[in-house]
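Below, read A as the first sequence line, B as the second, and so on, with proteins coming before strands; counting in each chain starts at 1.
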Amino acid sequence: MPRLHLDKPGDYPLAHHVIPVRTYLAVFTALIVLTGLTVFVAFHHLGDPWNDVVAITIALTKATLVVLFFMHVKYSTAMVRLCVISAIFFLLMLFGITWSDYWARKVPAIRVQQTTYDVR
Amino acid sequence: MSAEMHAHGAALAADSHGHHASGVLQHQFDSLEQQRDASTLGMWAFVAQEAMFFGGLFTAYIVYRFLYPDAYHIGSHQLNVVLGGINTAVLISSSLTMALAVWSAQTGRRRQLTAWLTTTLLLGFAFLVIKYFEYREKFAHHLVPGLHFSLPAAGAEEGHVQLFFSLYFAMTGMHAIHMIIGAGILMVYIPMAARGKFTPEYSHPVELFGLYWHFVDIVWIFLFPLLYLLGRY
């Protein structure tokens, strides 16, 4: 086992992985650019679902950058990754199942209405 | 094996920082490495729980947006994109300064650590001040749900727009409460950092707070487009 020497600021043997400052600056730049992009796109009509698709994609990209680099998950242990993945999984379950329930109640009802009008 | 690792951890603590570092390693852990991993996992379990908590609010948002899409567009147009955008930049900047604080702690730069933590706190305050002016504008324009809510331009959708504003205040308000709690923790950490309490072998309190601060940033990354940017074209 190596002995610990802390003679100068550059010696930090106990930190798992020290992410260099230039990586943080690159991530910050990307986050600011993506924020500008999401505002820019919001003021342009892309057709019905596409404004939402682009906005969510950009937000997910920004969140991924924050999680991987600012929150160090890129260099984390398997247990931490499991924790992150399970949180995302259960969030998707929460959103997906709830939304599909409302969708299944609303959309088929509209279709039944339209069919009734057609018959009349 | 365990005893050997414990001896190693104690040796590290004693080696690196003389007298007070011996208090850094808690007795239930074999090594500083193990202590760091355990506390990091614990913090992530808390962050995952926080994600589920905000998930409930986002679920309500998804459901009512699906049911009343027009009301969401009308409501979104009442929000101030400029202030929301500035606040997004402020919050992302505070995440950068927090990341630099973590880096300073990991590399043993005491003065820089104190400076970055202080910058993070000031940016947090800037966010809250801007948020205060936004909220004040909503009170002035009768856009706060309750007795005085009034938006005649919305016509038949007025009630549903009020629902949008209930979600707006619940989501941004809960986010702001998290910011205030974060600011409180920073006010405890800054004097500790100035006294040299955080060292490369004891940097994880700063790292764990960073996880919390970045999580709050992520919540806003979703809130900004979902609340402020609907139907702006």
Side-chain angles (χ1 to χ4, degrees), chain A residues 1 3-6 8-16 18-21 24-25 27-28 31-32 34-36 38-39 41-46 51-52 55-56 58-60 62-63 66-67 69-73 76-77 79-80 83-84 86-88 90-91 94-95 98-99 101-103 106, chain B residues 8 11-12 15-17 32-33 36-37 40-41 44-45 47-52 55-56 58-59 62-63 66-67 81 85 88-89 92-93 95-96 98-100 102-103 105-109 199-203 207 210-211 213-215 217-218 221-222 224-226 228-233:
Chain A
M1 289 261 191
R3 273 171 56 87
L4 185 73
H5 293 288
L6 289 168
K8 55 183 192 292
D11 294 341
Y12 30 83
L14 272 173
H16 285 299
V18 177
I19 297 179
V21 169
Y24 288 139
L25 290 174
V27 170
F28 170 75
L31 291 174
I32 291 293
L34 287 168
T35 301
T38 200
V39 174
V41 171
F43 284 88
H44 292 77
H45 192 38
L46 303 178
N51 280 87
D52 284 333
I56 295 294
I58 292 174
L60 285 172
K62 288 167 72 180
V66 173
V67 167
F69 297 100
F70 282 179
M71 297 170 93
H72 300 184
V73 168
S76 70
T77 60
M79 282 299 282
V80 165
C83 199
V84 176
S86 63
I88 294 167
F90 282 108
L91 275 178
L94 181 63
F95 297 154
T98 310
W99 178 79
D101 182 48
Y102 278 86
W103 180 85
K106 190 184 175 186
Chain B
H8 172 64
L12 284 179
D15 255 336
S16 59
H17 219 81
L32 286 169
E33 198 67 32
R36 179 190 297 267
D37 283 350
T40 302
L41 182 61
W44 268 107
V47 169
Q49 175 280 131
E50 286 274 84
M52 297 310 291
F58 280 98
T59 305
I62 291 168
V63 166
F66 176 67
L67 294 176
V81 179
T88 307
I92 289 173
S93 304
S95 258
L96 173 68
M98 188 62 229
L100 293 173
V102 168
W103 175 83
Q106 288 174 335
T107 56
R109 291 169 165 83
T199 54
E201 64 272 25
Y202 190 62
S203 62
E207 290 165 27
L211 294 181
W213 194 260
H214 296 313
F215 169 78
D217 184 22
I218 289 175
I221 282 173
F222 285 97
F224 176 58
L226 290 178
Y228 289 77
L229 297 177
L230 300 179
R232 288 284 172 182
Y233 40 81

Item checked: All side chain to side chain donor-acceptor pair (under 3.5 Å) counterparts of B:Y202, not counting sequence neighbours -> none
Checklist line | Centroid-centroid under 6.0 Å between A:W99 and B:F66 rings | finding: yes
Next item on the list: Check whether B:I218 gets within reach of chain A through its side chain, its backbone, both or neither, counting any heavy atom under 4.5 Å.
Entry: side chain
Notebook entry, point to check: Which region of B:L226, side chain (C-beta onward) or backbone (N, CA, C, O), has a non-hydrogen atom less than 4.5 Å from a non-hydrogen atom of chain A, or is it both or neither?
Noted result: side chain
Checklist line | Contact class of A:V73 relative to chain B, heavy atoms under 4.5 angstrom | finding: side chain
Checklist line | Portion of B:Y228 that has a non-hydrogen atom of chain A nearer than 4.5 angstrom | finding: neither
Next item on the list: Could you pull out the closest heavy-atom pair between B:W103 and A:I19, with the gap in Å?
Entry: CD1-O, 3.4 Å
Checklist line | Minimum heavy-atom distance B:S203-B:P200, with the two atoms named | finding: OG-O, 3.6 Å
Next item on the list: Quick one: list whatever passes side chain to side chain donor-acceptor pair (under 3.5 Å) with B:S95, sequence neighbours left out.
Entry: B:H214, B:D217
Notebook entry, point to check: Who wins among A:F69, A:Y102, A:F90, A:F70 for the most heavy-atom pairs under 4.5 Å with chain B?
Noted result: A:F70
Checklist line | Closest non-hydrogen atom pair between B:P225 and A:T38, with its separation | finding: CB-OG1, 4.4 Å
Next item on the list: Can you tell which part of A:D52 gets under 4.5 Å to a heavy atom of chain B, answering side chain, backbone, both or neither?
Entry: side chain
Checklist line | B:E201 and B:R36 ion-paired at < 4.0 Å | finding: no
Check: For A:L60, is it the side chain, the backbone, both or neither that has a heavy atom under 4.5 Å from a heavy atom of chain B?
Finding: both
Next item on the list: Would you mind checking which part of B:T88 comes under 4.5 Å of any heavy atom in chain A, side chain (CB onward), backbone (N, CA, C, O), both or neither?
Entry: side chain
Note to self: Looking only at heavy atoms and a cut-off of under 4.5 Å, which of B:L100, B:L230, B:L211 has the most pairs with chain A?
What the structure shows: B:L211
Item checked: Straight-line distance of A:M79 CE to B:L41 CG, nearest 0.5 Å -> 5.0 Å
Next item on the list: Examine whether an atom of A:H45 lies under 4.5 Å from a heavy atom of chain B, and if so say whether it belongs to the side chain, the backbone or both; otherwise answer neither.
Entry: both
Note to self: If I measure from the heavy atoms of chain B, does A:I88 come under 4.5 Å with its side chain, its backbone, both, or neither?
What the structure shows: neither
